[in-house]
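Remember, it's a predicted structure, so these values are computed and weren't measured experimentally.
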Amino acid sequence: MNDWNDAEQRVEKAQELFEQHRWQEALEELQAATAINPYNGSWFFNIGLTLDEMDRYEEAIHAYRRALQIDTDDLQAMNHLGVDLYRIGQHDKAIETFNKIESIDASYELAYCNRIMIYSELGQHEKAEEMFYLARLYREHCPRCYYNIGCSLAERGQYDRAVYCWQRTLDLDEGHSDVRVRIADAMWKKGELEAARQNFLAGLRQDPGNTNTLLDLGELLLEMGQIEESGEKFRRVIELSPEDPSGYFCHGRWLMRAARDAEAIPAFLKTLQLDPTYPGAHMRLGEMYQRQRNRAEARKHLRAELLLRPEDPQMLLDLSNLL
């Protein structure tokens with residue numbers, strides 16, 4: 001009896017640690033509890049949730065499967081299992097899992113939401129729309145459904161419809177992550193650059209440290225001719241994430257545009273130091289060394305780029321233009 005009480009106390013402690021984002025400590029408490037009592041499916045489910053927070057998806061899948069061995073109709077565990085199967089690229093198994101949820105309870109709306117996302121990524125957009133309309137039979141206004149079908153529409157170049165769906169997402173869930181950035185990207189592709197800029201800025205107000213958004217905004221500002229503001233964004237990325245090669249690469253391109261090759265070369269060399277296979281870095285170095293008539297270095301970097309991407313059409317075009 002004492003052991004069982006100890007297991008319950010460990011689960012309670014794990015809950016407190018989870019709420020404090022102390023994932024590893026929470027995981028250890030849950031594992032200790034299940035070692036004492038391996039018959040409580042909800043504890044394995046909680047292990048899965050904790051592992052998800054740590055991006056350890058394959059281990060989380062094992063935990064959800066343990067939970068389902070104990071309670072075969074646990075729809076929450078089944079849904080999380082499907083999501084993690086999708087995350088590790090096992091799309092067919094993920095769809096199979098969501099189909100099983102539908103066979104158990106056709107009104108479980110998340111099973112449709114998640115299939116919209118998967119079918120969209122697989123390019124099966126008609127099936128994505130089918131899932132969208134099925135989901136609305138059970139929940140007419142779901143922000144996640146609108147978000148996912150918006151991604152499907154954007155993939156097909158239907159930007160106006162995609163933006164409409166993402167605006168509906170914001171109407172239903174003002175704090176939904178990524179929506180503003182998605183709208184910004186669609187506006188950019190439509191050529192509405194100022195609207196794109198405003199939405200990127202709105203996205204950054206939600207998540208000021210998002211370096212991907214900062215990089216996109218920097219590229220947009222460069223296209224808009226706002227050169228100094230663009231450079232500021234790239235430098236900010238380097239400050240926030242000094243181990244990310246993308247910041248140095250984009251800053252190097254910005255320096256090239258400003259005709260500051262002497263400063264751009266170290267930026268591209270730093271890019272390659274962090275990622276020796278970074279696309280385009282060797283090409284840019286080859287271009288600058290060619291300008292300096294340093295043909296030995298130019299040849300070395302251009303050959304390196306060709307070896308890395310021998311079948312990339314854009315790289316081959318850039319290389320032929322340079323030569």
Side-chain angles (χ1 to χ4, degrees), residues 1-118 121 131 135 138-139 142-145 147-148 169 172-173 175-178 206-207 209-210:
M1 180 64 71
N2 289 337
D3 285 345
W4 290 75
N5 288 339
D6 181 47
E8 294 281 356
Q9 289 171 6
R10 285 182 176 276
V11 172
E12 290 175 11
K13 185 177 179 181
Q15 181 63 37
E16 295 173 6
L17 292 166
F18 186 92
E19 290 171 359
Q20 297 168 25
H21 295 186
R22 293 161 64 180
W23 316 122
Q24 183 60 42
E25 294 171 75
L27 177 62
E28 289 168 3
E29 293 296 332
L30 287 166
Q31 288 172 332
T34 55
I36 297 169
N37 175 10
Y39 306 108
N40 190 316
S42 66
W43 294 357
F44 286 103
F45 175 75
N46 288 341
I47 287 175
L49 293 181
T50 307
L51 289 164
D52 278 342
E53 293 291 346
M54 302 166 75
D55 298 335
R56 291 161 60 176
Y57 302 124
E58 293 190 5
E59 294 172 73
I61 286 169
H62 178 71
Y64 293 131
R65 283 176 170 156
R66 286 292 303 274
L68 288 165
Q69 287 173 358
I70 297 166
D71 181 357
T72 57
D73 291 341
D74 184 340
L75 297 183
Q76 274 195 307
M78 214 173 292
N79 181 62
H80 281 275
L81 171 62
V83 170
D84 281 346
L85 287 167
Y86 159 75
R87 283 170 168 162
I88 67 169
Q90 295 188 17
H91 296 123
D92 290 343
K93 288 185 179 180
I95 289 171
E96 183 182 320
T97 302
F98 294 125
N99 288 341
K100 184 175 180 181
I101 293 174
E102 184 183 1
S103 70
I104 295 170
D105 182 357
S107 67
Y108 194 83
E109 187 257 350
L110 284 174
Y112 303 103
C113 273
N114 288 318
R115 278 180 289 179
I116 296 170
M117 172 180 64
I118 297 171
E121 186 164 312
M131 292 300 112
Y138 302 105
R139 185 179 176 189
C142 167
R144 188 179 302 182
C145 284
Y147 176 81
N148 289 342
T169 301
L172 297 165
D173 180 6
H176 193 289
S177 62
D178 294 338
Q206 282 185 307
D207 186 3
N210 191 313

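- For the atom pair Tyr112 OH and Asn148 CG, the distance stands at 15.5 Å (nearest 0.5 Å).
- The minimum heavy-atom distance linking Pro143 with Leu172 is given by the pair N-CD1, 3.8 Å.
- Separation of atoms CZ (Arg56) and CG (Leu27) is listed at 5.5 Å; rounding is to 0.5 Å.
- Residues Asn99 and Arg115 have side chains that bring a donor and an acceptor to within less than 3.5 angstrom of each other.
- Just one of Gln15, His21, Arg22 meets the side-chain hydrogen bond (donor to acceptor under 3.5 Å, both in side chains) condition when paired with Glu19; it is Gln15.
- One finds the CZ atom of Arg144 at 10.0 Å from the CG atom of Asp173 (value rounded to the nearest 0.5 Å).
- Among residues two or more places apart in sequence or in another chain, the side chain to side chain contact (heavy atoms under 4.5 Å, CB included) test is passed with Gln90 by Leu85, Ile88, Lys93.
- The minimum heavy-atom distance linking Ile47 with Ala63 is given by the pair CG2-CB, 3.8 Å.
- Ser107 meets the side chain to side chain contact (heavy atoms under 4.5 Å, CB included) test with Asp105, Tyr138; sequence neighbours excluded.
- With rounding to the nearest 0.5 angstrom, the CD1 atom of Ile118 is 11.5 Å from the SG atom of Cys113.
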Point to revise | Worked verdict on Glu96 versus Asp92 for side chain to side chain contact (heavy atoms under 4.5 Å, CB included) | key: CA-CA 6 Å; Glu96 183 182 320; Asp92 290 343; over 6 Å; no
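- Looking at every heavy atom in both residues, Glu109 comes nearest to Cys142 through OE2-SG, 3.0 Å.
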Enumerate donor-acceptor pairs with a distance under 3.5 Å from any side-chain N or O in residues 75-83 to protein atoms, sequence neighbours excluded.
unit_1: Asn79; atom_1: OD1; unit_2: Asn114; atom_2: ND2; d: 2.9

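- Among residue pairs with one or both ends in residues 43-54, those qualifying as side-chain hydrogen bond (donor to acceptor under 3.5 Å, both in side chains) are Asp52-Tyr64; sequence neighbours excluded.
- Residue Met117 holds its CE atom at 6.0 Å from CZ of Phe98, rounded to the nearest 0.5 Å.
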Solution key, residues 28-36 side-chain donor-acceptor pairs under 3.5 Å, sequence neighbours excluded:
unit_1: Glu28; atom_1: OE2; unit_2: Gln24; atom_2: NE2; d: 3.2
unit_1: Glu29; atom_1: OE1; unit_2: Arg10; atom_2: NH1; d: 3.0
unit_1: Thr34; atom_1: OG1; unit_2: Leu30; atom_2: O; d: 3.2
unit_1: Thr34; atom_1: OG1; unit_2: Gln31; atom_2: O; d: 3.0

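- In this structure, Ser103 and Lys100 approach most closely via the heavy-atom pair OG-O, 2.6 Å.
- With sequence neighbours left out, Glu121 forms a side chain to side chain contact (heavy atoms under 4.5 Å, CB included) with Tyr86, His91.
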